[in-house]
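Step one of this worksheet: look at the structure below.
Since the structure is predicted, the reported quantities are computational estimates derived from the model, not experimental observations.
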Amino acid sequence: MAEETVRELRASFAAGRTRSPEWRAEQLRGLIRMIDEKEAEISAALHEDLAKPHMESYLHEISLTKSSCKFAINGLKNWMKPEKVPASITTFPSSAQIVPEPLGVVLIISAWNYPFILSIDPVIGAIAAGNAVVLKPSEIAPATSSVLANLLPKYVDNSCIKVVEGGVPETTALLEQRWDKIFYTGSGTVARIVMAAAAKHLTPVALELGGKSPVVVDSNVDLHVAVKRIVVGKWGCNNGQACIAPDYIITTKSFAPELVASLKRVLVRFYGEDPLQSADLSRIVNSKQFKRLQDLIEEKRVADKIVFGGEADEEQLKIAPTVLLDVPQDSAIMTGEIFGPLLPIVTVEKIEESFNLINAKPKPLAAYLFTKNKKLQEEFVANVPAGGMLVNDTALHLANPYLPFGGVGDSGMGCYHGKFGFDCFSHKKAVLIRGFGGEANARYPPYTTEKQKILRGLINGSFIALILALLGFPREKR
């Protein structure tokens with residue numbers, strides 16, 4: 001099945017079906033029609049998979065995906081144009097350009113936490129770049145996977161864009177095939193499996209992973225605004241099941257009590273006295289993830305650090321927003337990505353100490369800072385490596401299509417969104433064009449002393465050497 005799918009797509013790509021700007025734009029318009037006509041169906045699937053609030057589904061998945069399609073349609077012709085670049089003196093006279101060309105047949109393996117946008121957004125980049133595509137949605141979000149498998153063939157060219165559903169066996173079969181690129185969103189553990197499979201065919205990969213995204217909160221802030229933005233970035237993003245959700249907070253010991261008090265007030269205001277009954281909180285995706293999160297806060301050294309929340313309902317698969325203070329650095333909650341509604345707060349004496357604390361861990365996908373101190377902001381940007389950064393807010397940087405979105409180190413490799421998605425699925429082909437004039441005899445053997453002087457001069461940018469070469473010195477004996 002996997003082999004046959006790839007063979008069919010290679011035939012379509014070889015026939016040139018995906019290359020024209022008209023075909024690419026038509027597919028992107030088809031995706032917009034699908035979103036417009038089937039928004040209710042998509043939203044219902046997201047609710048079935050994650051109990052995701054409808055407004056959250058619209059804001060974070062449906063509307064952003066539609067915007068991404070429109071952005072690609074508007075930019076497509078410019079993105080496809082060859083980029084003229086200067087030609088060097090050693091190739092004079094000549095013209096040089098960089099031509100973006102599609103890679104071929106690509107595999108996109110999606111994640112369960114944002115199962116619609118994390119499936120379609122990379123597909124947009126792949127289509128815009130002129131590739132044939134196989135999309136493998138996550139089986140952990142089965143309702144959304146089914147919707148994608150049913151809807152996509154009705155709105156895009158099924159001879160060039162296909163959806164393959166299934167679990168580990170189907171994914172394994174796909175990874176055994178030769179692809180021109182693999183784009184994977186998910187965990188570091190599976191990413192290593194993907195990379196190992198890709199290596200067999202020397203297939204390039206883009207990996208969108210996660211990590212422990214820190215939030216540094218200085219005392220010099222508008223605390224109420226800062227806390228609202230932290231809360232909506234943590235619990236308003238799929239109840240913490242988001243790769244860019246704040247993973248832990250770092251603040252000073254003296255400021256921590258004020259910060260905790262504000263977090264408590266805002267959480268009650270947003271989600272009520274009984275957050276397990278709130279319609280604005282997503283549930284945990286499945287019992288396996290629920291148990292993993294429960295284990296994190298039931299660890300002996302961690303359980304007594306809870307300062308707010310901790311309630312859970314296994315039947316509903318819901319865990320309340322939970323804030324912890326001064327958990328041990330070597331506890332499980334601080335050594336791995338949380339990916340859920342738990343938010344530890346780590347305290348330091350001086351806020352500048354937070355930089356070393358962050359840099360002692362693997363590079364995160366996102367890093368956040370709240371401060372009015374410009375010097376602290378500049379030091380944070382300069383000294384903290386991360387996939388992306390946001391000052392005085394959380395998560396919103398991914399909504400800017402002019403910014404690349406991707407990780408670094410353990411949080412991933414490669415980036416996409418906007419033109420970066422087009423670039424992700426393109427090869428930048430170098431093209432140098434010359435005529436038959438401008439023959440330089442010095443480039444041809446035998447390399448006499450005179451020729452060597454002219455060639456060295458050309459390489460070093462000598463204008464005199466260029467003139468001599470163009471005039472045909474040294475004269476060629478016939």
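The closest donor-acceptor contact from the side chain of Thr251 to the backbone of Val217 lies under 3.5 Å. Not a single donor-acceptor pair under 3.5 Å links the side chain of Asn239 to the backbone N or O of Leu281. At least one donor-acceptor pair under 3.5 Å links the side chain of Lys181 to the backbone N or O of Cys424. Of the possible donor and acceptor atoms, none in the side chain of Gln97 sits under 3.5 Å from a partner among the backbone N and O of Ala430. Judged by distance alone, with hydrogens and angles left aside, the side-chain atoms of Glu337 form a donor-acceptor pair with the main-chain N or O of Gly211 at under 3.5 Å. Using modelled atom types, no side-chain atom of Lys52 and backbone atom of Ala45 make a donor-acceptor pair closer than 3.5 Å. With Asp410 contributing its side chain and Pro362 its backbone, the two residues share no donor-acceptor pair below 3.5 Å. When atom types are taken as modelled, the side chain of Thr322 and the backbone of Leu342 share no donor-acceptor pair closer than 3.5 angstrom. Using a distance-only test at 3.5 Å, with no hydrogens or angles considered, a donor-acceptor pair links the side chain of Ser331 to the main chain of Pro328. Between the Arg24 side chain and the Ala126 main chain, no donor and acceptor come within less than 3.5 Å of each other.
Qualifying side chain to side chain contact (heavy atoms under 4.5 Å, CB included) partners for Lys363, counting only residues two or more places apart in sequence or in other chains: Pro385, Val408. With sequence neighbours excluded, the residues that form a side-chain hydrogen bond (donor to acceptor under 3.5 Å, both in side chains) with Lys66 are Asp36. Residues forming a side chain to side chain contact (heavy atoms under 4.5 Å, CB included) with Thr203 (at least two apart in sequence, or on another chain): Trp179, Ile182, Ala198, His201. Judged as a salt bridge (Lys or Arg N to Asp or Glu O under 4.0 Å), and not counting sequence neighbours, the contacts of Arg301 are Glu299, Asp330. In terms of the salt bridge (Lys or Arg N to Asp or Glu O under 4.0 Å) criterion, Lys350 has no residue partners (sequence neighbours excluded). With sequence neighbours left out, Ser63 forms a side chain to side chain contact (heavy atoms under 4.5 Å, CB included) with Tyr58. Under the rule for a side chain to side chain contact (heavy atoms under 4.5 Å, CB included), the partners of Thr65 that lie at least two apart in sequence or sit in another chain are Ile35, Phe116, Ile117, Ile120, Ile124. In terms of the side-chain hydrogen bond (donor to acceptor under 3.5 Å, both in side chains) criterion, residue partners of Ser43 (sequence neighbours excluded) are, by chain and number, His54.
Taking 4.0 Å as the cut-off between side-chain N and carboxylate O, Lys375 and Glu379 count as a salt-bridged pair. Between Asp157 and Arg17 there is a salt bridge, since at least one side-chain N of the basic residue sits less than 4.0 Å from a carboxylate O of the acidic one. Under the 4.0 Å criterion applied to side-chain N and carboxylate O atoms, Lys234 and Asp247 are not assigned as salt-bridge partners.
Judged by the 6.0 Å and 45° rule, Lys419 forms no cation-pi pair with Phe71.
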Can you give the donor-acceptor pairs under 3.5 Å from side chains of residues 100-112 to other protein atoms, not counting sequence neighbours?
residue, atom, partner, partner atom, Å
Glu101, OE1, Lys429, NZ, 2.8
Ser110, OG, Leu118, O, 3.2
Ser110, OG, Ser119, N, 3.3
Ser110, OG, Ser119, OG, 2.9

Please tabulate, for side-chain N and O atoms in residues 386-394, each donor-acceptor pair with protein atoms closer than 3.5 Å (sequence neighbours left out).
residue, atom, partner, partner atom, Å
Asn392, OD1, Thr371, N, 2.8
Asn392, ND2, Thr371, O, 3.1
Thr394, OG1, Arg229, O, 2.8

Please output the side-chain donor-acceptor pairs of residues 166-176 that fall under 3.5 Å, not counting sequence neighbours, one pair per line with the distance.
residue, atom, partner, partner atom, Å
Glu170, OE1, Gly167, N, 2.8
Thr171, OG1, Gly167, O, 2.9
Thr172, OG1, Val168, O, 2.7

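Between Tyr155 and the options Arg29, Glu37, Gln27, a side chain to side chain donor-acceptor pair (under 3.5 Å) holds for only Glu37.
For the pair Leu9 and Val133, the tightest heavy-atom approach, listed with the atom from each and the gap, is CD1-O, 3.7 Å. Pairing each heavy atom of Val348 with each of Leu357, the nearest pair is CG1-CD2, 4.3 Å. Nearest heavy-atom pair, Val327 versus Pro344, reported as atom, atom and distance to 0.1 Å: CG2-CB, 3.8 Å. Residues Leu64 and Leu59 come closest through the heavy atom pair CG-O, 3.5 Å.
Residue pairs meeting the ring-ring contact (aromatic ring centres under 6.0 Å, His included) criterion with at least one member in residues 180-199, sequence neighbours excluded: Phe183-Tyr416, Phe183-Phe425.
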Item to complete: Go through Asp180 and Arg10 one step at a time and tell me if the salt bridge (Lys or Arg N to Asp or Glu O under 4.0 Å) criterion holds.
Response: CA-CA 10 Å; Asp180 297 299; Arg10 287 212 178 278; 2.9 Å; yes

